[in-house]
Amino acid sequence: MIRLLRLFCLAVLLVVVSASPTAAHDVRAGADLRIAQTIAGAELTLVIKATTRVPGPLRVEVIGFPSAPALDLRLRSTADGRVTHGTAAPGRPAQFRVEETGPHELTVGAGGETAVIPFRVLVDRGSGWEFLIYGGLFVAGLLLVGGLLTGAFNRRGRPAVVVTAVAAAGISVAALIVVLEPWLPARPPDGAEPRPTGSALGRPYVQRVVTTVPARPAAGEEFTTRVELFDGSTGRPVDDLAVHHEAMAHLVVTSQDGRYFRHVHPLRTAPGRLEVRLRADRPGRYLTYVELERTDSGGQLLTGSFTVAGPERPTASPGPGIQDAAAGTVTVTPAVPRAGRPATVEVAANGTPRPWLGMAGHLIVRAEDGEFLGHVHEMGTPGSRLRFTFGFPVPGRYFAWAQYATDRGITTVPFTVEVPR
Ligand SMILES: [Cu+2]
């Protein structure tokens with residue numbers, strides 16, 4: 001009996017240890033896939049709705065901040081190569097039909113730009129532990145009935161003990177599974193990746209190359225910022241980014257003087273390649289920070305820089321969103337923050353914030369010299385006051401930008417903080 005239980009516990013432990021973590025871009029019952037994209041000068045969130053059955057419908061919605069162009073969509077099943085087309089705009093979702101679970105690709109086009117988003121359609125198949133529950137009960141029931149019929153319980157000695165012990169074990173296994181089920185790993189859903197390729201230690205860090213096209217953009221002219229990602233070990237393109245905070249990657253571009261700030265969500269234009277179109281109004285050095293996460297691995301912050309050639313040319317289009325120091329009153333507590341201690345940053349938002357990237361508000365902080373970039377989120381304060389807790393690591397001057405979304409779009413509130421010695 002004890003040996004049996006020991007064996008069973010070992011089996012459970014083995015399954016728990018080898019359980020595969022959730023994959024990167026999945027659409028499954030009860031879970032929409034939300035991906036922020038900066039495309040055609042607009043900031044939007046693409047929502048691939050959850051699927052409950054396959055073959056069945058797959059809906060794609062678009063949320064604009066504040067608006068979004070009509071998107072040309074193309075859905076391709078990687079398994080059989082079937083392609084279907086559609087268009088989507090805010091309030092006008094696209095409806096596709098998926099014939100198979102497993103890997104798919106959604107190509108998104110607008111304003112001459114194209115993103116390819118790989119994702120998997122998954123359908124849950126139940127926990128997979130039912131066979132142990134029903135099996136245990138079935139064995140117990142069978143033995144009890146058989147035991148009663150043959151009179152095994154009336155006899156003394158081995159038969160009665162064996163029948164009782166095995167029946168009790170069956171009931172115990174069933175009961176144990178019923179109790180433990182919420183903590184047991186679920187069976188991978190239909191369409192899941194056959195086997196996770198990463199190890200428990202995570203995947204190697206990503207090496208990045210940040211370039212611009214053209215190589216030396218002119219102030220006021222549109223250019224493409226290109227981030228190429230390479231595996232630290234193999235040198236091959238990294239194409240296993242996990243969606244975190246509703247994006248494959250978050251790119252922050254600031255001018256060295258801190259007067260230019262963009263927080264955008266580049267498009268995946270090829271495996272391991274992310275691109276976003278920008279326009280900078282003044283010449284000089286620009287610093288880039290990419291926040292991303294590889295599947296089964298932790299988050300990473302990659303830095304880079306590029307130079308914009310002169311002369312200064314104020315652009316008519318400041319990029320997606322509103323950048324306005326008057327768009328919110330900022331209060332820092334204590335008023336003179338100390339290095340290495342948490343400070344509270346409160347922003348009185350102009351309007352009612354709505355979720356963007358899964359949060360009510362974002363606070364991005366850069367050290368004046370560019371050596372440090374921090375990013376924290378609003379703490380769930382109800383109403384139009386946004387509260388952040390931020391710890392400035394060392395004394396110095398910091399450029400900060402609080403961001404929130406309302407019906408008017410994304411508002412960025414720039415401010416600076418001095419942390420004395
Ligand atoms: Cu972002």
Side-chain angles (χ1 to χ4, degrees), residues 24-25 32-48 62-68 108 113 115 117 206 208 210 224-227 229 238 241-255 258 260-269 273-278 286-295 298-304 318-323 327-328 345 347 349 353-366 370 372-380 386 388 390 399-406 409-414:
H25 312 163
D32 298 344
L33 176 59
R34 302 169 67 91
I35 298 189
Q37 298 277 257
T38 306
I39 186 166
E43 190 59 43
L44 57 88
T45 299
L46 207 63
V47 186
I48 307 177
V62 180
I63 303 168
F65 295 92
S67 60
V108 182
E113 292 183 83
I117 300 165
V206 174
R208 58 89 199 103
V210 177
T224 299
T225 304
R226 177 178 291 169
V227 181
L229 307 171
V238 165
L241 298 184
V243 172
H244 81 291
H245 298 146
E246 296 187 0
M248 279 190 271
H250 301 260
L251 172 67
V252 170
V253 180
T254 62
S255 56
Y260 177 96
F261 170 87
R262 295 284 184 279
H263 168 190
V264 289
H265 303 96
L267 309 175
R268 176 185 174 276
T269 55
R273 179 186 284 180
L274 303 170
E275 293 186 334
V276 64
R277 288 190 192 171
L278 295 171
Y286 285 74
L287 309 175
T288 61
Y289 303 85
V290 187
E291 277 180 21
L292 52 78
E293 198 178 304
R294 288 190 83 172
T295 301
Q300 269 185 263
L301 182 69
L302 309 169
T303 59
I322 308 150
Q323 194 151 333
V345 175
V347 179
R354 59 174 170 133
W356 177 50
L357 310 171
M359 312 281 171
H362 301 258
L363 175 66
I364 296 172
V365 179
R366 200 201 89 188
F372 165 87
L373 186 94
H375 182 179
V376 294
H377 295 119
E378 208 281 330
M379 300 186 299
L386 302 171
F388 305 92
F390 192 85
F399 300 129
W401 301 269
Q403 290 194 294
Y404 61 90
T406 62
I410 293 154
T411 299
T412 303
V413 188

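Predicted model, so just to flag it, every value in this text is computed and none were measured. Counting convention: from 1, in listed order, for ligands and their atoms alike.
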Give every protein N, O or S atom lying under 2.8 Å from the Cu ion (ligand 1), naming each by residue and atom.
-> H250 ND1, H263 NE2, H265 NE2
Ring-ring centroid check H377 H245, cutoff 6.0 Å | yes
Salt bridge (Lys or Arg N to Asp or Glu O under 4.0 Å) partners of E293, counting only residues at least two apart =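 Partners of E293 by the salt bridge (Lys or Arg N to Asp or Glu O under 4.0 Å) criterion come out as none, since no residue qualifies.
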Does H244 have any ring-ring contact (aromatic ring centres under 6.0 Å, His included) partners at least two apart in sequence or in another chain, and if so, which?
->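 Applying ring-ring contact (aromatic ring centres under 6.0 Å, His included) to H244 gives H250.
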With sequence neighbours left out, write down each residue that passes ring-ring contact (aromatic ring centres under 6.0 Å, His included) with F390, or none if nothing qualifies.
-> F392
Taking the six-membered ring for Trp, are W356 and F65 parallel (under 30°), tilted (30 to 60°) or perpendicular (over 60°)?
->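 It falls in the tilted class, 30° to 60°.
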Hey, can you tell me if F261 and H263 have their rings parallel, tilted or perpendicular (30° and 60° cut-offs)?
-> perpendicular
